[in-house]
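In what follows, a single structure is set out as structure tokens and then discussed.
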Amino acid sequence: MKKLTLAALLFSAFSTVQAAPNIWTEGSGQGFNIYSIEDAKGQTLRLSCNTGAGDNFDHSAEFQTRNKVYENTGKKFPLSFIIDGAALSPSTNTDTRNGANDWSKFTQGIAKAKKIDVFINNKKVTSFTPAKSSMKIAKDITSTCQAMFYNN
């Protein structure tokens, strides 16, 4: 519940920023670095990386449409991605070895992706083609968003 409350707070604080399509942006708040990329329809992929929020909070990836926010949880996994042709999904728990490995593969793929296809419940909803000019921001994801398992 803490994670969802914090995510809602971060979302409301961060959602006022409007970005050009396919440009990575970075912001921060409440101990999180937040990386986001938006498509031409205003749909946003957002990674929240715990850089100082405390051990009770994990990293997360979410996708926001005009009407709804989707995030994988311990029981539901609506989000999946094809990143440069490879199927990669963010873990919901990065403080276990398997979760950390999945999260690391996901963030490494996102950080250098030329194309990110987003699926909700196995249905493709959009694609991002990150601009080369914003890739420096995306490359920071791998170091900033290192799985919690590796920080212990």
Side-chain angles (χ1 to χ4, degrees), residues 1-11 13-15 17 19 22-39 43-65 68-131 134-152:
M1 188 63 170
K2 286 182 184 179
K3 185 176 175 182
L4 292 175
T5 304
L6 183 61
L9 175 65
L10 289 172
F11 170 69
F14 197 72
S15 65
V17 176
N22 293 306
I23 302 289
W24 280 106
T25 60
E26 179 184 13
S28 61
Q30 303 293 318
F32 284 84
N33 279 38
I34 304 162
Y35 299 91
S36 66
I37 189 167
E38 189 174 292
D39 68 9
Q43 300 178 116
T44 305
L45 172 61
R46 189 174 295 109
L47 277 69
S48 298
C49 305
N50 178 352
T51 55
D55 293 337
N56 294 331
F57 303 101
D58 210 333
H59 309 300
S60 64
E62 65 181 31
F63 180 73
Q64 176 191 356
T65 65
K68 195 167 182 183
V69 176
Y70 297 89
E71 181 177 20
N72 292 347
T73 65
K75 296 180 181 182
K76 295 183 180 181
F77 298 91
L79 281 180
S80 57
F81 301 88
I82 303 288
I83 301 172
D84 292 336
L88 298 171
S89 290
S91 174
T92 60
N93 184 356
T94 74
D95 62 357
T96 64
R97 179 176 296 282
N98 287 341
N101 290 341
D102 290 344
W103 181 260
S104 294
K105 289 176 188 175
F106 175 72
T107 56
Q108 289 169 10
I110 285 281
K112 60 184 178 183
K114 293 181 176 130
K115 184 176 182 187
I116 304 165
D117 294 322
V118 180
F119 294 79
I120 297 174
N121 297 321
N122 297 321
K123 180 182 175 194
K124 185 175 175 181
V125 291
T126 195
S127 292
F128 297 98
T129 53
S134 68
M135 291 308 291
K136 184 178 186 308
I137 291 170
K139 287 184 184 192
D140 290 342
I141 293 170
T142 55
S143 60
T144 306
C145 245
Q146 189 174 57
M148 304 299 277
F149 179 82
Y150 301 125
N151 292 336
N152 295 332

| Closest heavy-atom contact between Gln30 and Ala53? | O-CB, 3.6 Å
| Pairs involving residues 134-145, ordered by first then second residue, that meet side-chain hydrogen bond (donor to acceptor under 3.5 Å, both in side chains) (sequence neighbours left out) | Tyr35-Thr144
| task | Could you pull out the closest heavy-atom pair between Asn122 and Ser80, with the gap in Å? | result | OD1-OG, 4.3 Å
| query | Per the side chain to side chain contact (heavy atoms under 4.5 Å, CB included) rule, which among Asn93, Thr107, Thr94 passes with His59? | reply | Thr94
| said: Please give me the minimum heavy-atom distance between Ala147 and Ser104, naming the atom from each residue. | reply: CB-OG, 4.3 Å
| task | Check for a donor-acceptor pair, side chain of Asn50 on one end and backbone N or O of Gly54 on the other, with a separation under 3.5 Å. | result | yes
| query | Should Thr25 and Ser36 be marked as a side chain to side chain donor-acceptor pair (under 3.5 Å) after you check the CA-CA gap, both sets of side-chain angles, and the distance that decides it? | reply | CA-CA 5 Å; Thr25 60; Ser36 66; 2.9 Å; yes
| task | Mind checking side-chain hydrogen bond (donor to acceptor under 3.5 Å, both in side chains) for Thr126 and listing every partner two or more places apart, or none if nothing turns up? | result | Asp39
| message | So Phe57 and Phe32, do their side chains get closer than 4.5 Å, heavy atoms only? | response | yes
| Pairs involving residues 109-121, ordered by first then second residue, that meet side-chain hydrogen bond (donor to acceptor under 3.5 Å, both in side chains) (sequence neighbours left out) | Asp117-Lys124, Asp117-Ser127
| message | Minimum heavy-atom separation for Phe63 and Leu79, please, with both atom names. | response | CB-CD2, 3.6 Å
| request: Examine distances only and state if a side-chain atom of Asn22 and a backbone atom of Ala131 form a donor-acceptor pair shorter than 3.5 Å. | output: no
| With no hydrogens and no angle check, is any side-chain donor or acceptor of Thr44 less than 3.5 Å from a backbone partner on Ile37? | no
